[in-house]
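Shown next, in C-alpha cells, is the structure this report addresses.
What's counted below: heavy atoms across the whole structure, side chains too, no hydrogens, waters or symmetry copies. Lettering of chains follows the sequences in order, A, B, ..., and the numbering in each one begins at 1.
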Number of protein chains: 2
Amino acid sequence: MNIGDVARQSGVPPKTIRYYEDIGLIRPNRSENGYRAFTENHVHKLAFLGRARALGFTIEDCRTLLSLYEDENRESMQVKAVAEEHLRQIEEKIEKLQSMRTTLTDLVEKCAGDHRPDCPILADLSPVQLSE
Amino acid sequence: MNIGDVARQSGVPPKTIRYYEDIGLIRPNRSENGYRAFTENHVHKLAFLGRARALGFTIEDCRTLLSLYEDENRESMQVKAVAEEHLRQIEEKIEKLQSMRTTLTDLVEKCAGDHRPDCPILADLSPVQLSE
DNA sequence: ATTGACCCTCCAGTAACTGGAAGCCTCATA
DNA sequence: TATGAGGCTTCCAGTTACTGGAGGGTCAAT
C-alpha cells in the first residue's frame with residue numbers, strides 16, 4: 001500500500017505519516033521504486049496514533065502507548081499510569097484556562113466597547129494609572 | 001536601569017526581555033558600555049506584557065494591545081474586540097480539553113490497572129480487536 | 001509522448017521562549 | 001593591582017508536532 005491509501009484509511013495525513021517515520025514511530029518497508037510500502041498493521045498503528053493524539057497524548061506518550069499496545073506482556077497498570085498522568089495535565093490546563101476565562105469575561109463585561117478611550121481591560125493590564 | 005533590575009521589577013526574565021526587543025515589542029536605548037538602558041516606562045510596558053501573556057494573549061495580540069495602550073485616541077471597542085476574540089479561543093480550548101477529559105476519565109475508570117494485559121484504554125485507542 | 005496524480009527528499013517556518021557557549025564589563029575584596 | 005563573582009553582550013540551538021513548498025522521479029492512462 002502506498003502512503004496515500006494509508007492516509008485515507010487511517011485518517012493521518014501523508015506528511016504526518018512521513019514525520020512519524022522520521023521519529024521512529026512506524027517503520028514501513030520500501031518498494032523497488034523507493035515508495036514506502038505499508039501493511040494493514042501500519043494502518044492500525046496510524047489510526048491508533050491518530051486517536052491517541054486526538055486525546056491529547058504527546059508523541060512521547062504515543063511512543064510508550066504504542067509499545068505497550070504491541071507488548072503482549074504489558075500490565076494494564078502501565079497504560080493506566082500514562083493515561084492518569086495525562087489526565088492530570090489536562091485538568092491543570094483546564095483550570096488555568098478557566099481562570100483566564102473568568103478574568104477575561106469580567107474585563108470584557110466591564111468594557112464599554114464604544115468610541116471612548118477609557119478601557120477597564122487596559123487598566124487591568126496596566127501596572128500604573130494610565131496617564132492623562 | 002540594567003536588564004536585571006527591569007527583570008526584577010517587571011517580573012519578566014532577562015532572556016524574555018531580550019527576545020521582546022528582538023521582535024520589536026520594546027526598544028531600550030544603549031549605554032556606552034553596550035548595556036541596554038531601560039526606563040520606568042519600559043518596566044511598565046514589560047509588566048503589561050507579562051500580565052497580558054499570563055492571560056493567554058498571543059504576542060501579536062500583545063503588540064496590538066500595547067499600541068492601543070499607548071494610543072490616546074484608541075476606542076475601547078478596539079480593545080474589547082481583541083479580548084473577545086481571545087476569550088472565544090480560550091472557550092474553544094476549554095471545550096476541547098473537557099471533551100478529552102471526559103473520555104479519559106471514563107477510560108481510566110474502566111481500566112483495572114493491575115498486572116494483567118487487558119486494557120480498555122488500549123482497546124479504545126485500537127481500531128481493531130486486540131489479538132488473543 | 002504526454003498528462004495528471006502520485007511519490008520522493010530536503011529545507012524552512014510555526015510560537016514563544018529557554019539554555020548554553022564564549023567573551024566583555026564592573027565592582028569589591030585581598 | 002590582580003582577581004573573582006556576577007552581570008551584561010551576542011549568537012546558536014533546541015523545544016512540539018507538524019505543515020508548506022520547491023524540485024524532481026514514477027506510474028497509469030490516453
Side-chain angles (χ1 to χ4, degrees), chain A residues 1-39 42 45-46 48-66 85-86 89-90 92-93 96-97 100, chain B residues 1-38 42 45-46 48-66 82 85-86 89-90 92-93 96-97 100:
Chain A
M1 234 183 306
N2 284 345
I3 200 168
D5 307 311
V6 185
R8 266 180 296 278
Q9 288 186 46
S10 67
V12 178
K15 276 273 183 187
T16 305
I17 297 176
R18 294 196 191 97
Y19 172 69
Y20 286 172
E21 183 187 11
D22 271 0
I23 62 173
L25 278 181
I26 49 164
R27 308 188 181 283
N29 287 326
R30 294 294 173 131
S31 308
E32 290 180 4
N33 59 13
Y35 288 14
R36 287 171 184 79
F38 297 89
T39 64
H42 287 120
K45 278 196 199 175
L46 285 165
F48 180 100
L49 288 170
R51 175 102 178 104
R53 292 288 300 129
L55 285 177
F57 285 105
T58 64
I59 289 288
E60 283 319 300
D61 281 347
C62 288
R63 203 185 292 278
T64 305
L65 290 172
L66 206 50
E85 174 56 24
H86 178 46
Q89 289 179 14
I90 282 182
E92 251 179 51
K93 282 187 193 169
K96 203 167 163 183
L97 287 169
M100 288 179 188
Chain B
M1 234 182 307
N2 283 347
I3 201 167
D5 307 311
V6 184
R8 267 181 295 280
Q9 286 186 47
S10 67
V12 178
K15 274 275 185 187
T16 305
I17 297 176
R18 293 195 193 98
Y19 172 68
Y20 286 172
E21 184 187 8
D22 272 359
I23 62 174
L25 278 182
I26 48 164
R27 307 187 183 286
N29 287 325
R30 293 294 173 131
S31 309
E32 289 179 4
N33 60 13
Y35 287 14
R36 288 171 182 80
F38 297 89
H42 288 120
K45 279 195 198 174
L46 286 165
F48 179 100
L49 289 169
R51 176 101 177 106
R53 292 290 299 128
L55 285 177
F57 285 104
T58 65
I59 289 288
E60 285 317 303
D61 280 348
C62 288
R63 204 186 291 279
T64 305
L65 291 173
L66 207 50
V82 173
E85 173 57 23
H86 178 45
Q89 290 179 15
I90 282 181
E92 252 181 49
K93 282 188 194 167
K96 202 166 165 185
L97 287 169
M100 288 178 188

ask   = Atom CD of B:Glu21 and atom P of C:dA16: how far apart are they, to the nearest Å?
value = 18 Å
query = B:Arg18 near the nucleic acid: base, sugar-phosphate alone, or nothing, with a heavy-atom cut-off under 4.0 Å?
reply = base
message = If you assign A:Tyr35 and A:Thr16 each to the DNA chain D nucleotide with the nearest heavy atom, which residue ends up on the more 5' nucleotide?
response = A:Thr16
Distance, rounded to the nearest Å, where B:Glu32 contributes CD and D:dT9 contributes P = 15 Å
Interatomic distance, A:Asp22 CG vs C:dC10 P [rounded to whole Å] = 9 Å
task = In whole angstrom, give the distance that lies between atom CZ of B:Arg63 and atom P of C:dA15.
result = 11 Å
ask   = Tell me: NZ of B:Lys15 to P of C:dA15, nearest whole Å?
value = 21 Å
ask   = To the nearest Å, how far apart are B:Asn2 CG and D:dG6 C1'?
value = 12 Å
request  = Please determine if a side-chain N or O atom of A:Arg36 lies less than 4.0 Å away from the OP1 or OP2 oxygen of C:dC7.
outcome  = no
task = Calculate the interatomic distance between A:Tyr19 atom OH and D:dT15 atom C1'; express it in whole Å.
result = 10 Å
message = Using modelled atom types and a 3.5 Å cut-off, is there a donor and acceptor pairing between side-chain atoms of B:Asn2 and backbone atoms of B:Gly4?
response = no
inquiry  = Tell me if a side-chain donor or acceptor on A:His86 pairs with a main-chain N or O of A:Asp61 at a distance below 3.5 Å.
reply    = no
inquiry  = Once you apply a heavy-atom cut-off of 4.0 Å, does B:Phe57 come out as touching a base, just sugar-phosphate, or nothing?
reply    = nothing
key: Below 4.0 Å: OP1/OP2 of D:dC27 and any side-chain N or O of A:Asn33   = yes
key: Heavy atoms from other residues, nucleotides or ligands near CZ of A:Arg27 exceed 12 (cutoff 6.0 Å)   = no
message = Please determine whether a side-chain nitrogen of the Lys or Arg among A:Glu21 and A:Arg18 lies less than 4.0 Å from a carboxylate oxygen of the Asp or Glu.
response = no
ask   = Rounded to the nearest Å, what distance is computed from the CD1 atom of residue B:Ile3 to the C1' atom of nucleotide D:dG6?
value = 15 Å
